[in-house]
Amino acid sequence: MKKLFNIKFPFALICCSLVLASCTKKYEEINTDRNTVATVGASELPFLFSKAQATAIPNVWSYQVAQNLFADQYAQYFADVATYFPSDRLFIRMDWVGAAFNPIYTDLVPQLQTIMQTADSTSAEYALANVVWVLGFHRVTDYWGPIPYFNAGKPATSVPYDPQDKIYDDFFKRLNAAVTVLKGKTEEQVFGGSADLMYGGNVNKWIKFANTLRLRLAMRISKVDPERAKSEGEAAVAAGVLTASPDDDAYIQRSEKGQDYNGLSIMSDWNEFRMSAAMESVLKGYQDPRISEYFLPAVKTGTYEGLRNGLTSTQQTEDINKAESNSHVGPRWTNPDVFKGGRPGFLATPQNVMATAEAYFLRAEGALLGWNMGGTAKELYEAGITNSMKQWGVADATVIQNYINSLSTPIPPNDYLNSPALANIPVKFDVADVNVQEQQIFLQKWLAMFPDGAEAWADYRRSRVLPLYPVANSDNPDIPDPKSQWIRRIPFLLSETQNNKAAVDAAVPLLGGPDKVTTPLWWDKN
């Protein structure tokens, strides 16, 4: 790890800081007193929105310790080749994972609250602030479960944690209200266009995005609250979700100016992670044309190779497990001066937020559950594959159709542990067996959501349909047998137990179990 922060923010700073930070020089000029609230007018709101939007997903230098060393590995998109990282063996460095928690309270909450306090409640700006609020907070609660939510940003020496079911209820209310407002603003360009790092102020695309986020969250609760899930999911689809890749796909725009880089690109030439054996088994078995966009061939062999998650530091020194023997992340995130196949401008690669393909796979799953999703499970499944291929530059209709009709199955990855094939299901949709259909939808969705490990890990936990490999070794004392146990959540932060102890103590009973990685979240019923 070439750049790593020891992230420890006092909770009083997180929840009481009223300094409205911004990445723009203009905003720094008006923020002349760090101990008081600056006067903010309509002209400053776009800058606050940009900052909050960029923070809603792990960004820049925090990306590694917020996502890559945790969710990306738990989703088995990547595996470690750096012997000094125990995270792939399920050991959690609590001073690292705070990067997924603290920025939301310091760089998203104050900015969005200021927009909501300043803008008219019937404005598109107010509505978009609520959409980004849900985008940022749903990732946090899906790491920890109960979190400070309803009182976030309010001055207090101790801020209470809220139960996850109540937080999700608020998510749905915010998204529904936001879309209602935005439907009357479709001709507007919000925040001047340039301040909107995702859609350039295009309200119609934001409506689709908000509805797809609502559909994602509806499916998340489909086992714990199936009636509410069906209602929210059907309403989201009826209101209009993402339908056309690449036009509807959501990315945060990044820049080489001011070190506003793509977080995955920042890490890529540190030589610390590679393709997982799970990805190798599926991508090679399906002869998936996306493999050359997701990964580079291994330097040593010129072929696509992956390794199992959870290898010991000794096992990682074996030639077959070394960095040069396994596939580096793909060309769009790779420095061409360091790795053959990298692309110029890799640091400014737009950062994945949500793909159109996900909307189709969610709808396919909903159709299996009997929800009105505007199509059959087969139609929506195949549309999900088609849109994912288009997202990653596979435009040849014949290539896409051949893939959709393929009877090929995942293969053994020929790795150090002689792992079997990850699954034995083909791409071609099974018209008879619902259980196979469900596996196909989840496996293709897992491929399509790459490299968003946070969402893939949440998907795995809520369903356990995706057949990931057991972690080879566990360094977490709460998971002595990784073949039968899996990491279900992140424990409450040490900094929180030190600075917000009363609230954390009161939050533990909300979990329904101990504050451990093995305690499932509210929506995790497996």
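- Under the 6.0 Å cut-off for aromatic ring centres, F91 and W96 do not qualify, their centroids lying 6.0 Å or more apart.
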Please lay out, stage by stage, how Y168 and V134 fare under the test side chain to side chain contact (heavy atoms under 4.5 Å, CB included).
CA-CA 9 Å; Y168 262 69; V134 176; over 6 Å; no
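- Remark: D169 engages K173, R228 in a salt bridge (Lys or Arg N to Asp or Glu O under 4.0 Å) (not counting sequence neighbours).
- The ring-ring contact (aromatic ring centres under 6.0 Å, His included) check on Y251 picks up nothing, with sequence neighbours excluded.
- A side-chain donor-acceptor contact under 3.5 Å links N202 to the backbone of N204.
- Not counting sequence neighbours, D225 has no partner by the salt bridge (Lys or Arg N to Asp or Glu O under 4.0 Å) test.
- Listed by chain and number, the residues in a side-chain hydrogen bond (donor to acceptor under 3.5 Å, both in side chains) with R489 are D515 (sequence neighbours excluded).
- For F70, there are no ring-ring contact (aromatic ring centres under 6.0 Å, His included) partners at least two apart in sequence or on another chain.
- In this model, a donor atom of one side chain and an acceptor atom of the other lie less than 3.5 Å apart for Q73 and S87.
- Side chain to side chain, D478 and T518 fail the donor-acceptor criterion of an N or O pair below 3.5 Å.
- Using a 3.5 Å distance cut-off with no hydrogens or angles, the side chains of W133 and Y149 do pair a donor with an acceptor.
- When the side-chain hydrogen bond (donor to acceptor under 3.5 Å, both in side chains) test is applied to N309, the partners found at least two apart in sequence or on another chain are D88.
- We find that R462 and D524 are not joined by a salt bridge, their nearest charged nitrogen and carboxylate oxygen being 4.0 Å or further apart.
- Between the side chains of N130 and R174, at least one donor N or O lies within less than 3.5 Å of an accepting N or O.
- Aromatic ring pairs are classed by plane angle as parallel below 30°, tilted from 30° to 60° and perpendicular above 60°; the pair F191 and F49 is parallel.
- Within the 4.5 Å cutoff, no side-chain heavy atoms of T356 are placed close to those of V241.
- The minimum heavy-atom distance linking L48 with Q111 is given by the pair O-CB, 3.6 Å.
- Checking side-chain atoms of N262 against main-chain N and O of T349 turns up a donor-acceptor pair under 3.5 Å.
- Residues meeting the side-chain hydrogen bond (donor to acceptor under 3.5 Å, both in side chains) test with R89, sequence neighbours left out: D475.
- With sequence neighbours excluded, the residues satisfying salt bridge (Lys or Arg N to Asp or Glu O under 4.0 Å) with D142 are R220.
- Inspection of the S255 and D260 side chains reveals no N or O donor paired with an N or O acceptor under 3.5 Å.
- Residues M116 and Y126 share a closest heavy-atom pair of O-CE1, 3.3 Å.
- Remark: R461 is positioned above the aromatic ring of W457, its terminal NZ or CZ atom under 6.0 angstrom from the ring centre and at most 45 degrees off the axis.
- Nearest approach of D162 to P148, heavy atoms of both residues: OD2-C, 4.2 Å.
- Scored by the salt bridge (Lys or Arg N to Asp or Glu O under 4.0 Å) test, R216 finds E358, E455 as partners (sequence neighbours excluded).
- Partners of Y143 according to the side-chain hydrogen bond (donor to acceptor under 3.5 Å, both in side chains) rule, which considers only residues two or more places apart in sequence or in another chain, do not exist here.
- Taking the side chain as every heavy atom from C-beta outward, Q53 and I252 approach each other to under 4.5 Å.
- For F346, there are no ring-ring contact (aromatic ring centres under 6.0 Å, His included) partners two or more places apart in sequence or in a different chain.
- Judged purely by distance below 3.5 Å, without hydrogens or angles, the side chains of Q76 and Y460 never pair a donor atom with an acceptor atom.
- Geometrically, R214 does not engage F171 in a cation-pi contact, judged by NZ or CZ lying under 6.0 Å from the ring centre and within 45° of the ring axis.
- Not less than 6.0 angstrom separates the ring centroid of Y77 from the ring centroid of F273.
- Side-chain contact annotation: W206 with D196, donor-acceptor N/O pair under 3.5 Å present.
- If you check the side chains of T106 and N102, you find no donor sitting under 3.5 Å from an acceptor.
- For the pair S265 (side chain) and Y261 (backbone), a donor-acceptor distance under 3.5 Å is absent.
- N476 and S474 form no side-chain donor-acceptor contact under 3.5 Å, judged by distance and modelled atom types alone.
- A search for ring-ring contact (aromatic ring centres under 6.0 Å, His included) contacts involving F295 returns F450, not counting sequence neighbours.
- Atom OG1 of T312 and atom CD of Q315 lie 3.5 Å apart (nearest 0.5 Å).
- A donor-acceptor distance shorter than 3.5 angstrom exists from the side chain of T180 to the backbone of N176, with no hydrogens or angles considered.
- Note: F101 and Y105 have tilted aromatic rings, judged against thresholds of 30 and 60 degrees for the angle between ring planes.
- Between the T141 side chain and the F137 main chain, no donor and acceptor come within less than 3.5 Å of each other.
- A side-chain donor from one of Q67 and D72 sits under 3.5 Å from a side-chain acceptor of the other.
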